[in-house]
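So that the names make sense, note that chain A is the first sequence line, chain B the second, and so on, each numbered from 1. All values derive from a computational prediction rather than experimental measurement.
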Amino acid sequence: MIKTELKSAVIKFAGDSGDGMQLAGMLFTDTTANKGNEIATFPDFPSEIRAPQGTVAGVSGFQIHFGESGVYSPGDAPDVLIAMNPAALKANLSNLKPACTIIIDSDNFTERAIGKAGFSRNPLENGILSDYQIIEAPITSLTKSSIADLGLDNKSVVRCKNMFALGMVFWLFNESLDQTINFFKQKFAKKPALVKANIKVLQTGFHFAETVEAFTSSFFVPSAKKVAGIYRNLTGNQATAWGLLAAAKKANRDLFLGTYPITPATDILHELTKHKWAGVKIFQAEDEIAGVCSAIGASFAGDLAVTTTSGPGMALKTEAIGLAIMTELPLVIVNVQRGGPSTGLPTKTEQSDLSQALYGRNGDSPAVVISASTPATCFDWAFEACRIAVEHMTPVILLTESYIANGTEPWKIKLLDELAEIHPNTAESHEDWQPYKRDKKTLARKWVVPGTTGFEHRIGGLEKEDITGNVSYMPLNHEKMVHLRAEKVAMVTNDIPLQKVKGRNANQLLVIGWGGQFGILFGAVSKLQIEGKNIAFTHFNYIHPLPRNTKKIFEGFERIVVCELNNGQFANYLQAQFPEYRFERFNKMQGLPFTVKELKGKFNELLNDD
Amino acid sequence: MIKTELKSAVIKFAGDSGDGMQLAGMLFTDTTANKGNEIATFPDFPSEIRAPQGTVAGVSGFQIHFGESGVYSPGDAPDVLIAMNPAALKANLSNLKPACTIIIDSDNFTERAIGKAGFSRNPLENGILSDYQIIEAPITSLTKSSIADLGLDNKSVVRCKNMFALGMVFWLFNESLDQTINFFKQKFAKKPALVKANIKVLQTGFHFAETVEAFTSSFFVPSAKKVAGIYRNLTGNQATAWGLLAAAKKANRDLFLGTYPITPATDILHELTKHKWAGVKIFQAEDEIAGVCSAIGASFAGDLAVTTTSGPGMALKTEAIGLAIMTELPLVIVNVQRGGPSTGLPTKTEQSDLSQALYGRNGDSPAVVISASTPATCFDWAFEACRIAVEHMTPVILLTESYIANGTEPWKIKLLDELAEIHPNTAESHEDWQPYKRDKKTLARKWVVPGTTGFEHRIGGLEKEDITGNVSYMPLNHEKMVHLRAEKVAMVTNDIPLQKVKGRNANQLLVIGWGGQFGILFGAVSKLQIEGKNIAFTHFNYIHPLPRNTKKIFEGFERIVVCELNNGQFANYLQAQFPEYRFERFNKMQGLPFTVKELKGKFNELLNDD
Amino acid sequence: MINMETTAVQCALKPKEYASDQEVKWCPGCGDYAVLSAVRKTLSELNIPKEKVAFISGIGCSSRFPYYMGSYGFHTIHGRAAGVATGVKIANPDLSVWIISGDGDALAIGGNHFIHAIRRNINANLLLFNNQIYGLTKGQYSPTSELGMITKSSPHGTIEEPFSPGELAIGSQSKFFARVVDTDLKTMVAVLKQAEQHNGLSVIEILQNCVIFNDKIHSAITGKETKAENQLILEHGKPMLFGAEKNKGLRLMGLELEVVTVGENGITEADVLVHDAGNPNPTLHYMLTQLKSPEFPVALGVIRNIKAPTYDQALHNQRAEEKANSKFHSLNDLFLSGNTFRVN
Amino acid sequence: MINMETTAVQCALKPKEYASDQEVKWCPGCGDYAVLSAVRKTLSELNIPKEKVAFISGIGCSSRFPYYMGSYGFHTIHGRAAGVATGVKIANPDLSVWIISGDGDALAIGGNHFIHAIRRNINANLLLFNNQIYGLTKGQYSPTSELGMITKSSPHGTIEEPFSPGELAIGSQSKFFARVVDTDLKTMVAVLKQAEQHNGLSVIEILQNCVIFNDKIHSAITGKETKAENQLILEHGKPMLFGAEKNKGLRLMGLELEVVTVGENGITEADVLVHDAGNPNPTLHYMLTQLKSPEFPVALGVIRNIKAPTYDQALHNQRAEEKANSKFHSLNDLFLSGNTFRVN
Ligand SMILES: Cc1ncc(C[n+]2csc(CCOP(=O)(O)OP(=O)(O)O)c2C)c(N)n1
Ligand SMILES: Cc1ncc(C[n+]2csc(CCOP(=O)(O)OP(=O)(O)O)c2C)c(N)n1
Ligand code: SF4
Ligand code: SF4
Ligand SMILES: [Mg+2]
Ligand SMILES: [Mg+2]
């Protein structure tokens, strides 16, 4: 029996929406992350609550990439696929690595199920799988028989079959069952029969894999060499929520969330609402407009105010964001992007709300726009959004995306002491105070907490007179204020780090990315750099304003390509500002992240194309 | 007595909000337009319903530029100012031509009024007016005494004083009183005392001017040499309304307007709602969202559907416009721009909603964007918006602006026979029909009228499958549809005229304008061309897509400057598409149109700056 | 426009012939299926050709409804179905327009359009699928969720009093309000027929079960054992009787309703209120919408149904009148009217 | 937080000391002036320091109100005052929050926030300036304009039935609803005091005259000659009497109200209803809001005023409870909880 060591591996659990694939995937993730691996995950499920059983549309998948190093993305294609039924097999057939391993629940390959999945003949028999390592296991029936004696109802019994598959996978990768066993002990503490059943099935799967000797080899993935510290897994949405909590604490303000549920942003609400103990004020509004307006009210009243949404909800908030711009109040707007336009593809990923974030308001209305790179760093970017908002007195739009919002990554826990202080631009002295008097360095006006004597003032959406903040219709004042609002936002550039490049010596191709595609882009470029290609990479998290050295970075490259999950929005934005350079585009609009393979293909093409 | 002939002249009536300046201005406009002059007007009034009497903030002004030729704008500064009180004088002092004539109602220059206007001393006495021709007339008291015998109440008597001023101005320009007299006869047909009073005061003013010999000269402005035909005056909003009426007629569809009042767009509603006789269906909705949604519903149901608004209302409509883009329904969205951001400057003009029109939606969501140039041509552009919408099955955003929406211009009446037919892309044959099957030339899908048998189908905001229009989450289909939607809009370029340039042989400076600043830009460039400057001008009405020859136009110029009433939005848009050229910017954000003077100054600077 | 009467005979369809070719994707056991059946049955029994019907929905599980009907359909955006439907009806008054909306869609984000559509009395049927939860977004509380309810967005219980859709509708000047349960197909069809035949906005609240995120929330009312005691099925002109033996009834005492038992304490059927859905005075209808179990049975059936002008009809009347009285007969007349001048 | 009681004495202000330095810009004769006086008087009489008050308005003539008060103020965007105010009150519960809104602002574009703020019972005062017209945009009909009214946007008369703000509020579960006229400063101040002292959302409909675009629309109710017959000024615990001689009253007959004259046809004061603003049963309040002249006097004063938990209080209670019971005491506890692992 061979035990192959792998630097990293990709596993995909796929089955019906009801088959518990998300749980199996998460439990595997926990074990491997706990062991100290780098990980990246990609849950992918139908937008219907219960899509039709047994069909391709109803397949729910969870892909995990784990390893010692080089895990920048959930991986292009799995090394091991678990297909609980024919539809799950069908859905993944077009995207498999050559000679990969496929574990199949043979109980579910009935004629009916095969037909429903859209196969004309039994794929286990017609030879189309001959290039792969097929492991057929009667998962459903073995699950049933292994716990027949526990007296559970049939539904509960069948629900355990994901643990059988998980057990097999654990064996295959020489991972321990301990953590999963502990999970069930805690989760079902009050239902011992369920604990027993799940553990039993898990072990049965593990032992089955060992005994049947169907696998010609097993694998071993060594732990990553990570920075020392305490880690935990976080999804992007969780990390965003925690980053907001931490920022409020460090700014010494209460956190206020005014929001309306929308996929894929709702989990931020779900997470924050659990933490009322930490003082968060949660307002689930009647719609997005009330959500953002309540946040603006809370900001006026002195809280660190946040609103969360996705594209269609963002559209509804734009009028109110204009009000926050005119009144120069701090406000954090998180847009977890999904596929558009309109209702579009609610559960799929995309980066197509960038133009909306930059320009989607009436009048000249500049706001700060930043974006997050990976699930765990959503923590830092949410924190940074809050910092900029309260220190610079401006709305800040934070763009994340479905892909990282739902994906998981180990987060090196940051305790409060390790986080920088945030200094809200609070009015402290009456002397010389005026509602629209500005800090010289940042051009930020002062933040006043209503209720305090001597700072009474009125603000609103009509044009403000410089300094006094009174309503003013005077022509030159308006022009001045348009400039001041623009400059205030532009000056944030002095308060953010310089833009970095990976591949300082390259001069042939510069790859530009932004937002949540960081991992995959980084991975693809790294591979080409190792192959000796003349290629560099720069990734933008600060979108508006751009870091002050941005222009310098573009200098000297023969070609520059902007890679994004939309029809060229960031490229347009850069092109308008840097006409000296030509920004080529690599766009993908499939509701899916890039794959390393297609990126490498594109970059090689650009490199050879001279 | 000298009678000077002028090619054109600028007159400004200024007084308190209650002084009837708008009426006086409009009556003068009617007379001179009727005589066959070119005209351009600029009403400018406070945004309060009744601003505080006697203060500068409460001044209401109406400027009219009329002449034989060269009237491209309401003029930079008046040749004749009528100042009914000290505040009106104060408000205009900084913007007067040297040696211009100022008619003053001396009755109102009391100490109190002078103080209220913000003068420290009496301006009639302290010498600050010594450079001007001051005509002091006791307008209020002469008005009173002239009609003391008619038995009117004091309020009605005082209200007539605008006619005294108007009478004087008519004398000064050797214009006839006939048309104004007729106006009152019709307007107050049922109140003969008011007819008498107004006519009497008008004539008294006229005779006063003749008798007092205060004027050292009078003027004569010959009629314009216009294209022969029947003309009438229209404001931009009226012209927009009529263009929509005409388009519906030529497209053989009912016109549906779903809207919510907002300054300065409401007059389109006011106008259209008068014409229910013509079959218009008017729905004053509960808010902007219901306004645009009802229009989308009406479009789905087969009407030519329109929604009208201004910036803040536009912000609220963006989510629904995305729905119209996804469902590929015809829809005309008129945005009469005002000063922004937020509530901004509701009664002032600006062009700052361009970025919002282009990009203000979630996802990649292309729409056609066009703009109108002058009050009267709003008719043509509204008509064109409808044509493109129904022939190309797309939302079309028509940008006009406060300045032309409220301004007046003689319109050469177009009878229905003179207008082109509009051919909606209606589904006619069942054969081969599918909801998302497209016309090869335009990529437009077919428009179906619900109620007709055999075309039953369902549409919605989720991504559509190519051809069938069924819901589809498939990756490649989405990418294809993103491209198809973009291409469909891009292909409108094949169906619009080529972009024109004024000044074919120039190669030093190209001036670019768009929207309602046409007249002033054209005027300024013309003057410089006459002076022999190497300057050319091109004005964009089609913004997205641009005319197919756009790039060619930019070729060969040393410098290109984009002039717009915002912080550089059109310049950014062009720069992103044409990195080969450098677009310099001349931006004004004062809630006011450009003036010929400042444009000439800027262009001369650019011309000499090499 | 096609005359409905002449085409009615030739296109009489069976309920299932109103289906589209799309697979129905609600969860097995979802209450929405019952409504789909009831609507198909209603259209069939009223013999309405499928091309004469438009289903306009917002966003939510329930709002997928239009895809499952072979009629014209528009799955719009969240909360705006009533707005879109208003345009559809004004533009195309011959259509039978059905607005499909959830409790979140109609009463959270769509609350404004809901109350205004009712006030204007646009001629359409509004089906309000009230499962007291946001289904599609996987289980947050809605404006109809009971106070204290634990959901994904209220792990410590909600702190807001819910709307009662009936009270809100009547407060918005509703002319037709009905309530049905998803388990009673017969009553649903009967009510839907009256709704379709009513001129004006007919609001039908459907107590609908969401098996996944809010299972059994209506079970006190719909449960086999409890329903007889908890359902008061109103019929116009009939006494308000309920209970397994149909011997319980409602009586008015001052401004309070009271449950009485016929045959007990000298109560006779004459003491029991008789339902008058057509009474313009909304007071009793308003009181009926408020009844809550267990103290009272829940009022079902058509609670209010009164005649009033519809917005769309008034709009078309006004157009016709203006046309008849106008001094203009063509746009040319308008263009040439008033102050024109000739340049030669 | 500053203790209001201790500061109250030192900052007792006269009404005019609540003014800001901005010139008031409403039209001469506008009804809004009266409300401004009444609010200043109310704050003064209740001795509320001006820095403890926030005025949150939408857009409209009336919404300029905050500029004229020397307190904290926010002139927001059209229709959203209630949304913004909700955030203000939650964030800063010590503030006395006043929502200022017109009939267009609150009931057209802001209708959704209006009904939800009422339902949630956020502790604030909502002043609804009802002039039955859009003033600021120069005279289009609003959702409270009478059917058939001629305005700039309805030259042939409107075709929609108006909302009755009281009915809509009660249909939205209102706990405090009052109505006043702009001509009666005394009642207005009395009502505003009760509103401020009520815990929860107090809705005060002000029948306000717009001299420019809708002059005298309330004159039947406010006119010197007619007001005695047309105003029923309700006081809690007092009989519902009105008329120049205070001898007319309201009586309940079944579910209808009826005007009677004390001393005629054997009617005594005992037959006349006694106002109970605190009755949780909303039926009579609902009926009172509907009274219209000339058949009935219009009900003024505090129509409904009942105790109920407020949203903001419940929210803060829940936070306190969670804090007290939490296993976490710092974010560090949270970050380190559950499945963590150490890398060395
Ligand atoms: C503008 C916008 N906001 C939010 C959403 C997310 N969303 C979709 S459906 C829904 C609520 C669904 O609840 P309900 O209307 O009760 O329908 P159900 O699913 O329960 O039938 C929400 C919040 C959206 N699609 N668009
Ligand atoms: C989003 C938006 N839509 C429309 C408007 C235009 N608008 C301003 S106030 C108003 C209505 C005012 O009426 P009301 O609320 O009754 O206040 P009033 O002026 O009568 O006091 C409208 C339509 C706006 N400012 N913003
Ligand atoms: S989630 Fe609930 S409402 Fe949605 S389809 Fe499933 S059962 Fe029905
Ligand atoms: S227009 Fe009417 S509401 Fe507005 S300030 Fe003038 S009188 Fe008051
Ligand atoms: Mg629901
Ligand atoms: Mg109003």
Side-chain angles (χ1 to χ4, degrees), chain A residues 46-47 57 289 310-312 314-316 318-319 322-323 325-327 339-348 350 352-353 355-356 358-365 460-463 473 475-476 478-479 482-483 485-486 566-567 569 572-573 575-577 579-582 588-592, chain B residues 46-47 57 289 310-312 314-316 318-319 322-323 325-327 339-348 350 352-353 355-356 358-365 460-463 473 475-476 478-479 482-483 485-486 566-567 569 572-573 575-577 579-582 588-592:
Chain A
S47 72
I289 300 176
S310 188
M314 190 71 184
L316 291 168
T318 57
E319 190 205 1
L323 176 67
I325 290 171
M326 181 64 97
T327 53
S342 195
T343 309
L345 298 169
T347 58
K348 305 288 172 187
E350 202 157 272
S352 56
D353 294 344
S355 294
Q356 184 190 35
L358 290 166
Y359 309 111
R361 294 169 291 278
N362 58 300
D364 285 305
S365 37
L462 289 166
E463 182 59 284
Y473 302 115
L476 292 175
H478 177 52
E479 189 153 293
V482 170
H483 285 307
R485 285 186 288 264
N566 65 44
N567 209 358
Q569 303 185 0
N572 273 343
Y573 171 72
Q575 192 64 79
Q577 286 175 83
E580 309 86 327
Y581 307 102
R582 290 299 297 274
K588 180 172 180 178
M589 292 146 297
Q590 302 177 14
L592 293 170
Chain B
S47 73
I289 301 176
S310 188
M314 191 70 183
L316 291 168
T318 57
E319 191 206 1
L323 177 67
I325 289 171
M326 182 63 98
T327 52
S342 195
T343 310
L345 299 170
T347 58
K348 306 287 170 188
E350 201 158 273
S352 57
D353 294 345
S355 293
Q356 184 190 35
L358 290 166
Y359 309 112
R361 293 168 291 279
N362 58 301
D364 286 304
S365 38
L462 289 166
E463 182 59 285
Y473 302 115
L476 293 175
H478 176 52
E479 187 153 295
V482 170
H483 285 306
R485 284 186 288 263
N566 64 44
N567 209 357
Q569 303 185 0
N572 274 343
Y573 171 72
Q575 191 64 80
Q577 285 173 84
E580 308 86 327
Y581 307 102
R582 291 299 297 273
K588 179 172 181 179
M589 293 148 295
Q590 302 177 14
L592 293 170

Spacing of NE2 belonging to B/H478 relative to CE belonging to A/M589, to within rounding of 0.5 Å:
7.5 Å

To the nearest 0.5 Å, what is the distance between CD1 on A/I289 and CD1 on B/I289?
4.0 Å

Return the option, out of A/A315, A/G460, A/G344, A/S310, with the maximum number of heavy-atom pairs under 4.5 Å with chain B.
A/G344

From B/T318 atom OG1 to A/M314 atom CE, the distance as rounded to the nearest 0.5 Å
10.0 Å

Pair count under 4.5 Å, heavy atoms only, with chain A: among B/G322, B/G340, B/G360, B/G461, highest is B/G461

Heavy-atom pair count under 4.5 Å with chain A, highest-scoring of B/N572, B/N566, B/D364
B/D364

Honestly, the part of B/L462 sitting under 4.5 Å from a heavy atom of chain A is both

Can you tell which part of B/M326 gets under 4.5 Å to a heavy atom of chain A, answering side chain, backbone, both or neither?
side chain

For the interface with chain B, which of A/P475, A/P346, A/G311 has the highest count of heavy-atom pairs at distances below 4.5 Å?
A/P475

Distance from B/Q356 atom CD to A/R361 atom CZ, nearest 0.5 Å?
9.5 Å

Using non-hydrogen atoms and a 4.5 Å limit, figure out which bit of B/Q577 sits close to chain A: side chain, backbone, both or neither.
neither

Pick from B/Q569, B/K348, B/R582: which one has the most heavy-atom pairs with chain A under 4.5 Å?
B/Q569

Chain B interface, residue from A/L358, A/D353, A/N362, A/T343 that has the most non-hydrogen pairs under 4.5 Å:
A/N362

